[in-house]
Amino acid sequence: VYEVTQREYEEVIGKNPSQFAPNGRKSQAVNGMNHSIHPVETVSWNDAAEFCAKLSEREKFELAYAREGDKVTTLSGAGYRLPTEAQWEFACRAGTTSRFWSGDGDADLE
């Protein structure tokens with residue numbers, strides 16, 4: 001429901017991949033800020049699935065994912081998981097019923 005903060009990600013995974021963190025490539029942009037409450041970024045889908053699996057393990061939920069290297073297997077557990085494509089689209093549409101979130105016509109990119 002909410003963005004995963006850099007602190008939460010680091011507590012579960014053990015490292016912070018964010019560019020906008022004290023050791024990140026763009027650390028200068030957040031110099032002096034409390035980065036730990038900022039959303040974690042620069043995370044791949046596989047990394048996000050691994051986060052879900054480790055958080056599920058920590059909270060004793062059945063796993064929804066298992067990761068081995070670059071391979072992620074979707075499991076039937078009811079633990080933490082990422083939204084499906086349909087759920088993501090529904091959220092992005094924000095209640096619209098048109099062909100696209102911006103209306104029924106092709107988007108004017110000019």
Peer 1: Looking only at heavy atoms, which two atoms of Q6 and H35 are closest? And how far apart?
Peer 2: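 Residues Q6 and H35, closest heavy atoms: OE1-CD2, 3.0 Å.
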
Peer 1: Should we count CD of Q28 as having more than 12 external heavy atoms under 6.0 Å?
Peer 2: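 At most 12 heavy atoms, drawn from other residues, nucleotides or ligands, come within 6.0 Å of this atom.
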
Peer 1: Does anything in residues 15-34 form a ring pair (Phe, Tyr, Trp, His ring centres under 6.0 Å)? List the pairs, not counting sequence neighbours.
Peer 2: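 Sorted result for residues 15-34: empty, none.
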
Peer 1: Are side-chain heavy atoms of R25 and T42 found at a separation under 4.5 Å?
Peer 2: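 Counting from C-beta outward, R25 and T42 never come under 4.5 Å.
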
Peer 1: Using only atom types and a distance under 3.5 Å, with no angle test, would you say the side chain of E41 pairs donor to acceptor with the backbone of Q19?
Peer 2: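 Answer holds: yes.
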
Peer 1: Using the ring pair (Phe, Tyr, Trp, His ring centres under 6.0 Å) rule, collect all pairs that involve residues 46-87, keeping only residues at least two apart or in two chains.
Peer 2: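 Checked against ring pair (Phe, Tyr, Trp, His ring centres under 6.0 Å) - neighbours excluded - the pairs reaching residues 46-87 are Y9-F51, W45-Y65, F61-Y80.
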
Peer 1: How long is the gap from CG on L63 to OG1 on T74, to the nearest 0.5 Å?
Peer 2: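 Answer rounded to 0.5 Å: 11.5 Å.
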
Peer 1: Is it possible for you to say whether V40 and L82 belong to one hydrophobic cluster, with membership spreading through side-chain heavy-atom contacts below 4.5 Å?
Peer 2: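 Per the 4.5 Å side-chain linkage, V40 and L82 are not co-clustered.
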
Peer 1: So which heavy atom on A48 is nearest to which on V43, and how close?
Peer 2: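 Minimum heavy-atom separation between A48 and V43: N-CG1, 3.6 Å.
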
Peer 1: Going by the salt bridge (Lys or Arg N to Asp or Glu O under 4.0 Å) test, which pairs reach into residues 63-89, not counting sequence neighbours?
Peer 2: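 Sorted pair list: D47-R67, E50-R67, E89-R93.
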
Peer 1: So, for T5 and I37, which heavy atoms are closest and what is the spacing to 0.1 Å?
Peer 2: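 What the structure gives for the nearest pair is CG2-O, 3.7 Å.
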
Peer 1: Under the side chain to side chain donor-acceptor pair (under 3.5 Å) criterion, do S18 and N16 qualify, and how do the steps go?
Peer 2: CA-CA 6 Å; S18 298; N16 183 352; 2.9 Å; yes

Peer 1: So, does S27 use its side chain to make a donor-acceptor pair with the main chain of N23 at under 3.5 Å?
Peer 2: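 It does not hold such a pair.
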
